[in-house]
Amino acid sequence: MRRSRPLVVVIGLAVAGIVMLSWTQTWFTVHLDATAAVTTTVDADGSKAVPQYTALAIASLALFLAMTIAGRVVRIVLAVIEVLLGVAIVVAGVNALADPVAAAKGAVGEVAGVSDLSAIRRVVTSVDVSAWPAVGIAGGVLAVLLGIVVLVVQRSWPGPSRKYAATPTTSRVAVPVERDAVVDWDDLSAGVDPTRASADGSDGGAARTDLPAAETGGDDTVGLDPRRSTDDATDHEEHREHH
């Protein structure tokens with residue numbers, strides 16, 4: 001039962017194709033009075049007899065295509081709509097068979113030069129009915145039955161695929177920080193190497209200790225060590241006097 005969906009969808013597409021095929025074929029051959037029309041026979045195909053068939057067939061076709069990705073609730077709604085579409089196809093076909101002259105009114109009116117139904121009936125002598133109306137009606141019956149089948153078996157069908165569902169991510173990618181020339185110059189003035197950055201993109205706050213004293217300012221840098229190098233000179237003089 002779980003694998004019945006592809007089969008049901010294929011049958012549904014075939015049923016819609018049958019209805020569309022019957023719509024393109026000749027339904028009625030109307031014979032006219034030779035004294036009242038320029039021709040004695042007129043062929044009325046499904047597009048003239050049942051013009052609504054094309055919309056119903058296309059709707060049924062789209063319905064079964066949508067059923068391949070629909071969830072359970074949507075499948076139920078689509079199955080009910082399919083039943084209604086099948087009923088509409090059957091009703092339209094039966095009405096056309098019940099009154100072929102009225103169904104072929106448009107085709108006969110183009111030849112006879114009249115549009116009134118009563119006038120058309122007066123010029124029609126007989127009507128030949130082909131097998132295509134029965135084919136179209138049979139397609140409608142199959143559509144109704146198929147809609148009922150979907151209501152029964154769709155419970156075992158799997159849900160819609162989540163292949164293309166969005167997957168939230170918690171990882172954060174470090175974004176490089178765009179530095180400013182003025183900020184870099186201030187860092188250099190303060191003895192901080194601006195090229196060193198932490199892993200998260202923030203500026204490194206520690207000064208490099210592997211640079212020579214001439215570059216870093218050593219102990220003589222103002223603001224880094226309050227003691228001056230003159231203290232070392234005084235201690236050296238005292239040591240010489242002692243000797």
Side-chain angles (χ1 to χ4, degrees), residues 1-28 43-107 117 129-173 175:
M1 296 292 287
R2 292 177 61 86
R3 298 183 179 180
S4 61
R5 178 163 63 178
L7 179 60
V8 169
V9 171
V10 171
I11 295 175
L13 297 179
V15 170
I18 290 173
V19 176
M20 182 65 72
L21 178 63
S22 69
W23 176 78
T24 62
Q25 303 301 314
T26 300
W27 279 41
F28 309 115
D43 292 332
D45 57 16
S47 63
K48 297 293 180 60
V50 281
Q52 60 270 37
Y53 263 28
T54 177
L56 295 174
I58 293 176
S60 181
L61 183 67
L63 183 147
F64 279 99
L65 290 176
M67 200 172 291
T68 59
I69 59 174
R72 181 175 179 180
V73 176
V74 178
R75 289 196 298 261
I76 295 175
V77 175
L78 294 177
V80 174
I81 295 175
E82 177 64 16
V83 172
L84 298 178
L85 290 175
V87 171
I89 292 172
V90 172
V91 171
V94 170
N95 288 338
L97 278 179
D99 193 352
V101 176
K105 173 184 174 181
L117 181 58
V129 181
S130 69
W132 288 107
V135 173
I137 294 173
V141 174
L142 291 176
V144 173
L145 296 178
L146 195 58
I148 296 174
V149 170
V150 171
L151 286 174
V152 175
V153 303
Q154 60 85 28
R155 299 176 182 178
S156 62
W157 292 356
S161 174
R162 298 183 179 181
K163 178 179 179 182
Y164 301 102
T167 302
T169 177
T170 57
S171 61
R172 300 180 62 182
V173 181
V175 181

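Note that this is a predicted model, so its numbers are computed, not measured.
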State, with a plain yes or no, whether a side-chain heavy atom of [X] is found less than 4.5 Å away from one of [Y].
| X | Y | value |
| --- | --- | --- |
| L97 | F28 | yes |
| T24 | W132 | no |
| V50 | L56 | no |
| I89 | I137 | no |

Where at least one partner belongs to residues 43-73, residue pairs that pass ring pair (Phe, Tyr, Trp, His ring centres under 6.0 Å), sequence neighbours excluded
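Of all non-adjacent pairs touching residues 43-73, those that pass ring pair (Phe, Tyr, Trp, His ring centres under 6.0 Å) are W27-Y53.
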For the pair D45 (side chain) and K48 (backbone), establish whether a donor and an acceptor sit closer than 3.5 Å, ignoring hydrogens and angles.
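Yes, the answer is positive, given that a donor and an acceptor are paired below the 3.5 Å cut-off.
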Between the main-chain N or O of T26 and the side-chain N or O of S130, is there a donor-acceptor pair closer than 3.5 Å?
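Judged by distance alone, yes, a pair lies under 3.5 Å.
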As an exercise, state the distance from [atom1] of [X] to [atom2] of [Y], rounded to the nearest 0.5 Å.
| X | Y | atom1 | atom2 | result |
| --- | --- | --- | --- | --- |
| L78 | L85 | CG | CG | 10.0 Å |
| D99 | L117 | CG | CG | 6.5 Å |
| L13 | M20 | CG | CE | 12.0 Å |
| L142 | L145 | CG | CG | 6.5 Å |

Tell me every residue that passes side-chain hydrogen bond (donor to acceptor under 3.5 Å, both in side chains) with S60, counting only those two or more places apart in sequence or in another chain.
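With sequence neighbours excluded, S60 shows a side-chain hydrogen bond (donor to acceptor under 3.5 Å, both in side chains) to E82, given in chain and number order.
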